Amino acid sequence: MKPELFIRRIEDSDREWARKVLRDSWESSKIVTRGVIHETDQLPGFIALLDDLYVGLLFYDVKDGMLEIISLNVLEQRRGIGSSLIQSAIQEARSLKCLRIWVITTNDNIPAIEFYQANGFKIAAIHKDALIESRKLKPEIPLIGIDGVTIKDEIELEKKLDG
Ligand SMILES: CC(C)(COP(=O)(O)OP(=O)(O)OC[C@H]1O[C@@H](n2cnc3c(N)ncnc32)[C@H](O)[C@@H]1OP(=O)(O)O)[C@@H](O)C(=O)NCCC(=O)NCCS
């Protein structure tokens, strides 16, 4: 039988697993976007389960009528899990009357940029050399990212929800 994907809100009992995923992917639970440190493991979010196995998680923060995706990680790629988590975040943003959902990724993360665009996001801004400031807040951010590309710039993607 085909395994069933289930998305639900993150609960406190999930947070230890979530912290490990955050550490493995981003060196720690601390994530810096636009010069702000997020203690990501404390934030609200969604968990994806395939049958009973954890396969993805998304954390978000809501401020000024906008929902920011702070982190998104999928353990089994190209099975629609990331898109399902994004749909839950969009639903949450709509129910909170947010007019915009946005996310920061980095210039090396072309797969994520393609993924967000496939999910209806558009590039809203390129913050050149933003990582210089980010590394002052989180020195462990690596210099080199995906495919050996130097991580320098923040890429801001957005989806407007006013329609
Ligand atoms: C980016 C990420 C969340 C995508 O999740 P996913 O579950 O694999 O994505 P989906 O299966 O929902 O993909 C939907 C569509 O996005 C696009 N896409 C997804 N991954 C892609 C990739 N690696 N390269 C190019 N396009 C991609 C495709 O159009 C895809 O549709 P298709 O598979 O029918 O071609 C996942 O690869 C991941 O966890 N990456 C590591 C962490 C990360 O970079 N997070 C984002 C920054 S916050």
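Counting starts at 1 for both ligands and their atoms, in listed order. All figures in this text were calculated on a predicted structure; none of them were measured in a lab. Side chains included, hydrogens not; waters and symmetry mates left out as well; all remaining heavy atoms used. Index from 1, following the sequence.
- Ile104 and Leu161 fall into different hydrophobic clusters, where Ile, Leu, Val, Met, Phe, Trp and Tyr are joined by side-chain heavy atoms under 4.5 Å apart, directly or via other members.
- Residue contacts with ligand 1 for Ala118 involve side-chain atoms from C-beta outward but no N, CA, C or O (heavy atoms, distance under 4.0 Å).
- Residue contact check: Asn73 has heavy atoms under 4.0 Å from atoms 39 (O), 42 (C) of ligand 1.
- Of the protein's heavy atoms, at least one falls inside 4.0 Å of atom 44 (O) of ligand 1.
- When only non-hydrogen protein atoms are considered, atom 24 (N) of ligand 1 lies nearest to Arg78 NH1, 3.4 Å.
- If you run side-chain hydrogen bond (donor to acceptor under 3.5 Å, both in side chains) between Thr33 and each of Glu68, Glu154, His127, Glu156, only Glu68 comes through.
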Step-by-step salt bridge (Lys or Arg N to Asp or Glu O under 4.0 Å) determination, Asp14 to Arg8
CA-CA 11 Å; Asp14 304 315; Arg8 62 160 169 77; 2.7 Å; yes

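- Less than 4.0 angstrom separates atom 34 (O) of ligand 1 from none of the non-hydrogen atoms of the protein.
- The side-chain contact (heavy atoms from CB on, under 4.5 Å) with Ser84 is formed by just one residue from the set Ile7, Val55, Val74; it is Ile7.
- Not one N or O of Asn119 is nearer than 3.5 Å to an N or O of ligand 1, by distance alone.
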Show me the side-chain donor-acceptor pairs of residues 135-142 shorter than 3.5 Å, one per line, residues at least two apart or across chains.
{"from": "Arg135", "atom 1": "NE", "to": "Ile141", "atom 2": "O", "distance (Å)": "3.2"}
{"from": "Arg135", "atom 1": "NH2", "to": "Pro142", "atom 2": "O", "distance (Å)": "2.8"}
{"from": "Arg135", "atom 1": "NH2", "to": "Ile151", "atom 2": "O", "distance (Å)": "2.9"}
{"from": "Lys136", "atom 1": "NZ", "to": "Glu133", "atom 2": "OE2", "distance (Å)": "2.9"}
{"from": "Lys138", "atom 1": "NZ", "to": "Trp26", "atom 2": "O", "distance (Å)": "2.6"}
{"from": "Lys138", "atom 1": "NZ", "to": "Lys30", "atom 2": "O", "distance (Å)": "2.6"}

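- The closest protein non-hydrogen atom to atom 17 (C) of ligand 1 is Phe115 CA, 3.7 Å.
- Between Gly82 and ligand 1, at least one pair of N/O atoms sits closer than 3.5 Å.
- Rounding to the nearest 0.5 Å places CG of Leu58 at 11.5 Å from CD of Gln87.
- Smallest separation of non-hydrogen atoms from Leu49 and Asp51: CB-O, 3.7 Å.
- Taking atom 42 (C) of ligand 1 as the reference point, the nearest protein heavy-atom neighbour is Leu72 O, 3.5 Å.
- Between Ile86 and Tyr116 the shortest heavy-atom distance is CD1-CE2, 3.5 Å.
- Here the straight-line distance linking atom CD1 of Ile69 with atom OH of Tyr60 works out to 11.0 Å at 0.5 Å rounding.
- Here's the thing with Ile70: none of its N/O atoms is less than 3.5 angstrom from an N/O atom of ligand 1.
- Given atom 14 (C) of ligand 1, the protein heavy atom at minimum distance is Ser83 OG, 3.3 Å.
- Phe46 and Leu43 end up in different hydrophobic clusters when Ile, Leu, Val, Met, Phe, Trp and Tyr side chains are linked at under 4.5 Å.
- Ser25 does not count as a contact of ligand 1, since none of its heavy atoms falls under 4.0 Å from the ligand.
- Taking only non-hydrogen atoms, the option from Leu85, Asp108, Val21, Val74 nearest to atom 39 (O) of ligand 1 is Val74.
- Residue contacts with ligand 1: Arg79 is placed with a nitrogen or oxygen under 3.5 Å of a nitrogen or oxygen of the ligand (distance criterion only).
- Which of Ser84, Pro111, Gly80 comes nearest to atom 11 (O) of ligand 1 through a heavy atom is settled by distance: it is Gly80.
- For Trp26, the heavy-atom gap to ligand 1 drops under 4.0 angstrom.
- Where the criterion is an N or O separation shorter than 3.5 Å, residue side chain and backbone included, Val103 fails it with respect to ligand 1.
- Clustering ILVMFWY residues whenever any of their side-chain heavy atoms sit less than 4.5 angstrom apart, transitively, puts Ile31 in the very cluster that holds Ile10.
- Under a 4.0 Å criterion applied to the non-hydrogen atoms of Ala112, ligand 1 contributes the atoms 46 (C).
- Here the shortest heavy-atom distance to atom 37 (O) of ligand 1, taken over Gln77, Glu114, Gln87, belongs to Gln77.
- Within 6.0 Å of atom CG in Asp147, 12 or fewer heavy atoms from other residues, nucleotides or ligands are found, so the atom counts as exposed in its surroundings.
- With a heavy-atom cut-off of 4.0 Å, Asn109 touches ligand 1 through its side chain alone.
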